[in-house]
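Read the numbers this way: they start at 1 and go in the same order the structure lists the ligands and their atoms. Basis for what follows: all heavy atoms, side chains included, without hydrogens, waters or symmetry-related copies.
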Amino acid sequence: MPSNPPNLRVAVVGLGFVGLPLSLSYWQAGADVLGAEIDPRLRAELSQGISHHLEEDDGKPISAILKDALASGRYQLLASAAEATAQADATIVTVGIPHGPSGLDLGPLRAALAEVASAAPRGHLIILRSTVPPGTTRRDLYDLLQARGRSVGEDVFVAYCPERIAEGRAFQEFRGMPVILGAFDPASEARARSVIERVTHAGVATSDSVEAVELSKVIENVQRDVNIAIAQELARTCEAGGIDVFEVIRLANTHSRVHLLEPGPGVGGFCLPLALSYFLPFAQEHAVATPTLLAARSTNAKVPPLLAARALEQARPLAGGRPPRIAVFGLAMKDFSNDARLSPAVEVCEHLIAEGAEVRAVDPAVPLQFSFQGQDPAWAVEGAHALLLLSRQEGLLTWLEDLSPLRTMHQGALIVDARNWLKDGAQELKPLGLGYWKI
Ligand SMILES: NC(=O)c1ccc[n+]([C@@H]2O[C@H](COP(=O)([O-])OP(=O)(O)OC[C@H]3O[C@@H](n4cnc5c(N)ncnc54)[C@H](O)[C@@H]3O)[C@@H](O)[C@H]2O)c1
């Protein structure tokens with residue numbers, strides 16, 4: 001009797017927004033999965049089947065998929081990347097690069113790569129999936145392995161395959177979004193393609209220039225930042241000219257080669273606002289000026305203070321010398337997300353507080369973590385002199401289906417709608433004695 005080939009064993013290092021659904025996608029695809037997560041609090045939650053992410057697959061929430069995976073015996077949670085790597089055929093690294101006051105901090109990613117590199121058994125494949133400044137895979141993985149006497153392409157294999165999913169559609173996009181893959185040698189490319197294709201069924205575009213793949217991922221994010229800046233500048237122009245920006249965008253997008261994005265409260269999350277800090281060092285190293293990209297970043301960075309100023313302008317006179325009370329709906333960095341990292345909505349709240357306002361913010365998807373955050377929309381709007389609609393969430397959409405709860409707001413209060421949430425807001429709010437301003 002021929003014996004079955006051993007099952008693919010995949011280690012996934014970092015079980016965050018990308019790593020958790022990716023590791024579960026490998027489990028769904030039949031692989032044995034070793035998930036390594038360094039954060040003990042997150043690991044403890046995951047071991048009980050708890051995840052705050054709003055991902056789902058075929059109607060099944062990520063926490064239910066996680067529980068099934070844990071119960072199957074084919075999905076293990078570990079604290080150590082080295083331990084996971086040592087037991088696996090391939091390791092996928094999804095550790096992020098935090099951004100502090102002095103710029104990008106590659107420390108955690110380098111530490112994870114060093115751990116994986118030292119534990120990789122003979123024949124092991126390492127795929128880096130994090131977004132990185134160009135040159136990182138070569139310097140922090142390839143050179144590191146070679147310096148330790150490992151021969152890349154012979155006894156250990158390396159590839160770079162950046163993640164392109166959007167939060168909220170992770171399971172669908174791991175399967176259905178084409179990926180780009182770079183490797184330093186054909187053997188690494190072939191091995192990485194086979195591991196990637198275990199989950200991704202949408203095409204793999206390969207390159208023998210790993211730096212081209214790294215730069216390609218970075219410019220994908222930068223391009224979105226620039227496109228959002230175009231939408232913001234269009235919004236300011238339309239407002240001044242008395243035209244509805246969303247109508248302009250609807251019409252322009254009927255052209256098959258035009259794809260304008262919509263304006264919003266700003267650009268958030270770990271990917272887009274930081275994209276330029278991945279790109280600039282490379283451009284500067286080669287003495288290339290990028291004025292358009294810098295201008296776009298600065299346009300987007302100005303939106304949260306603009307929204308705070310609009311709300312305060314209306315709220316202050318209503319508050320009659322007392323601190324104005326401002327309600328905020330939605331703290332996530334985008335609609336229908338639990339991710340509040342670098343969220344423009346949080347930045348708006350911080351501006352308001354710095355200007356002396358009392359902020360009451362609600363977001364049912366974002367775990368309680370801010371001093372100004374509560375759980376009850378009625379608490380937030382009661383007596384408020386302004387309400388900012390900053391990111392949509394299912395619970396808040398339902399709550400605002402009927403606008404009558406807004407009667408408890410201060411007469412004359414302004415609703416600042418940064419998401420085109422209330423399409424006919426001006427008409428609907430007039431009977432309640434409330435003003436309306438749409439971005
Ligand atoms: N979030 C997204 O939608 C998205 C989309 C595309 C690309 N990316 C990129 O993917 C990467 C990961 O992003 P994320 O949002 O999942 O980040 P994240 O911070 O949510 O997850 C990273 C996880 O790695 C863990 N970690 C750090 N060092 C570790 C180590 N040595 N061993 C084990 N675990 C370790 C952290 O504790 C954290 O939980 C980033 O480079 C990001 O830019 C993210």
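- For an aromatic pair to be called close, the ring centres must be under 6.0 Å apart, and His124 with Phe157 fails this.
- Across the listed options Leu113, Ile38, Leu274, Val116, Ile38 owns the non-hydrogen atom lying nearest to atom 33 (C) of ligand 1.
- Among protein heavy atoms, atom 40 (C) of ligand 1 sits closest to Gly96 CA, 3.7 Å.
- The heavy-atom pair separating Val33 from Trp27 by the smallest distance is CG2-N, 3.6 Å.
- Closest heavy-atom contact between Leu15 and Leu42: O-CD2, 3.7 Å.
- A pairwise comparison of heavy atoms in Gly153 and Ala187 identifies O-CB, 3.9 Å as the closest pair.
- Proximity to Ile165 (heavy-atom distance under 4.0 Å) selects the following atoms of ligand 1: 3 (O), 5 (C), 6 (C).
- In this structure, Ile97 falls outside the shell of residues with a heavy atom less than 4.0 angstrom from ligand 1.
- Between Pro263 and Ile249 the shortest heavy-atom distance is CD-CD1, 3.7 Å.
- Distances from ligand 1 to the non-hydrogen atoms of Cys271 include at least one value under 4.0 Å.
- In terms of heavy atoms, Leu406 sits closest to Val381 at CD2-CG1, 3.9 Å.
- Considering backbone and side-chain N/O atoms, Glu167 comes within less than 3.5 Å of an N/O atom of ligand 1.
- Here the shortest heavy-atom distance to atom 11 (C) of ligand 1, taken over Thr94, Val218, Leu22, belongs to Thr94.
- Using a 3.5 Å distance cut-off with no hydrogens or angles, the side chains of Thr94 and Ser130 do not pair a donor with an acceptor.
- Around atom 44 (C) of ligand 1, the closest heavy atom drawn from Asp339, Leu46, Thr131, Val18 belongs to Val18.
- For atom 24 (O) of ligand 1, the closest non-hydrogen atom of the protein is Gly14 CA, 3.2 Å.
- Side-chain N/O atoms of Tyr142 and Thr137 include no donor and acceptor closer than 3.5 Å.
- Counting only heavy atoms of the protein, atom 21 (O) of ligand 1 lies nearest to Gly16 CA, 3.3 Å.
- Asn221 places no side-chain N or O within 3.5 Å of a backbone atom of Leu272 that could act as its donor or acceptor partner.
- At a heavy-atom distance under 4.0 Å, only side-chain atoms of Leu42, from C-beta outward, approach ligand 1.
- Summary of contacts: the protein heavy atom closest to atom 32 (N) of ligand 1 is Val13 CG1, 3.6 Å.
- If you check the side chains of His99 and Asp105, you find no donor sitting under 3.5 Å from an acceptor.
- Looking from atom 6 (C) of ligand 1 to the surrounding protein, the closest heavy atom is Glu163 O, 3.4 Å.
- Listed by atom number, the atoms of ligand 1 under 4.0 Å from Ala112 heavy atoms are 31 (N).
- Looking at atom 27 (C) of ligand 1, its nearest protein heavy atom turns out to be Val95 CG1, 3.5 Å.
- Below 3.5 Å of separation, one finds an N or O of Phe17 facing an N or O of ligand 1.
- Shown in contact with Ala36 at under 4.0 Å from a heavy atom are these atoms of ligand 1, numbered in order with element: 33 (C), 34 (N).
- Note that CG of Leu234 and CD of Glu262 are 11.0 Å apart. Values are rounded to the nearest 0.5 Å.
- The minimum heavy-atom distance linking Trp399 with Ala378 is given by the pair CZ2-N, 3.5 Å.
- When the options Arg43, Lys334, Arg129, Glu37 are ranked by their closest heavy atom to atom 37 (O) of ligand 1, first place goes to Glu37.
- With ligand atoms numbered from 1 in the order given, ligand 1 contributes 31 (N) to contacts under 4.0 Å with heavy atoms of Glu115.
- Closest to atom 19 (O) of ligand 1 among all protein heavy atoms lies Arg341 NH1, 3.3 Å.
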